[in-house]
Amino acid sequence: MNDVQRFENLKKTIENDPENFQARREIAVMCLDMGFDSMALKHLNYLVNTFPNDANLHFNMGICWEKLKQFKFALESYKKAAELKEDEPDFIYNLALAYENLGQDDEALMQFKRVICLESDDSNSFFCIGCLLSKRGDTENAIKCFKKAIEYNFGDYFAHFHLANMYHKTGEIDKAVEEYKKVVQLSGDYSWAYFNLGQIFYEKGDIENAVIMLNLTVEKNPKDKEAYKLLVQLYLKLNDIETAAAVLDEMKENSGENGDFYFLYSKIYELKGDLAKYKKCLESALKNEETLSFDKFAVMKELRDCPEIKEDKPDEEEDFDEDIDDLEEDEDA
């Protein structure tokens with residue numbers, strides 16, 4: 001019997017005998033597994049009213065509420081489950097997560113510590129405590145917690161990533177690089193690790209490796225506008241104007257035109273010595289200031305300081321339109 005047949009049989013059983021509690025338990029679990037959260041909640045609520053002291057039922061209700069993004073109700077269900085079964089780490093862990101989702105970090109921290117008292121090698125709780133301590137600015141103890149999470153679960157690339165962030169924050173760059181490299185070894189598609197490595201290499205003046213890492217970033221996540229921006233700036237530093245323009249075109253394709261796109265294109269035309277197009281792109285950047293992350297006032301000053309431009313020839317204006325895909329027409333639209 002497959003799952004669909006079993007599900008239909010359980011439904012018929014409950015229709016014929018609403019007080020068949022075992023069938024209700026089974027169908028509630030199946031609903032949870034199949035993503036029918038509201039239906040699961042309906043059956044669990046019926047069972048909880050009948051068996052109010054069943055900790056597992058309250059726990060499963062908490063899972064349903066959490067999936068439905070009703071964290072206050074989830075919290076109450078997990079609380080009840082943890083009260084009924086005080087030595088169950090899973091119940092307390094989910095209770096801690098519910099507190100965290102509601103922004104009650106002190107309560108969350110206390111509950112995660114309760115889990116560790118019951119299971120000293122619980123890597124997930126160490127990781128969550130590390131995140132909460134990091135949020136508080138307690139970098140030293142956050143590092144200790146992330147190390148513990150890794151000690152008990154080396155394959156947790158999130159723990160490696162957060163530990164790397166802490167090392168980066170404290171200026172321990174070599175350790176940060178080592179941890180980011182472990183992240184990409186454990187999860188080759190985690191684009192943020194490539195991006196952060198690219199930033200570090202850029203800060204160290206290692207342009208070659210920075211370019212490699214940022215290209216890997218946009219390969220793994222073509223929507224990462226920040227990676228495109230930094231990559232364009234690196235190619236401009238290398239005076240590789242053609243590649244910078246190609247990256248900008250890719251950025252436009254994946255993220256659309258925006259203030260940053262026009263500003264970076266202005267740098268290309270500035271290097272080319274094409275002052276008309278340089279000025280036009282600066283103007284377009286300011287017209288799209290809501291998507292301009294570069295300093296607006298610096299861009300305004302740059303535009304004001306732009307040298308006087310002689311009247312362009314008609315064919316030059318046409319070339320400009322072609323170069324950046326009918327810039328003026330796109331703006332009007």
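This chain uses plain numbering: 1 for the first residue, then up along the sequence. Hydrogens, waters and symmetry mates play no part in the numbers below; they use all other heavy atoms, side chains included. Just so it is clear, the structure is predicted and the values come from calculations on it, not from any experiment.
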query = Is it true that Phe146 and His160 have ring centroids separated by less than 6.0 Å?
reply =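 No, too far apart.
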Strictly below 4.0 Å, N to O, side chains only: are [X] and [Y] in salt-bridge contact?
| X | Y | result |
| --- | --- | --- |
| Glu151 | Lys148 | yes |
| Arg25 | Asp54 | yes |
| Glu178 | Lys182 | yes |
| Glu270 | Lys279 | no |

Problem set entry | ring-ring contact (aromatic ring centres under 6.0 Å, His included) between Phe91 and Tyr78, worked out | CA-CA 6 Å; Phe91 294 179; Tyr78 289 140; 8.3 Å; no
inquiry  = I need the minimum non-hydrogen distance between Ile268 and Ala244, along with the two atoms involved.
reply    =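 Distance-wise, the nearest heavy atoms are CD1-C, 4.0 Å.
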If you count heavy atoms of other groups shown closer than 6.0 angstrom to [atom1] of [X], is the number above 12?
| X | atom1 | value |
| --- | --- | --- |
| Lys67 | NZ | yes |
| Glu290 | CD | yes |
| Lys42 | NZ | no |
| Phe73 | CZ | no |

Exercise. Between His162 and Ser134, is any pair of side-chain heavy atoms under 4.5 Å apart?
Worked result: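 No, too far: nothing below the 4.5 Å cut-off.
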Ring geometry between [Y] and [X] (parallel below 30°, tilted from 30 to 60°, perpendicular above 60°):
| X | Y | value |
| --- | --- | --- |
| Phe21 | Phe51 | perpendicular |
| Tyr265 | Tyr269 | parallel |
| Tyr190 | Phe161 | perpendicular |

Q | Lys/Arg cation over aromatic Phe294: Lys229, 6.0 Å, 45° cone | A |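 Lys229 over Phe294 ring: yes.
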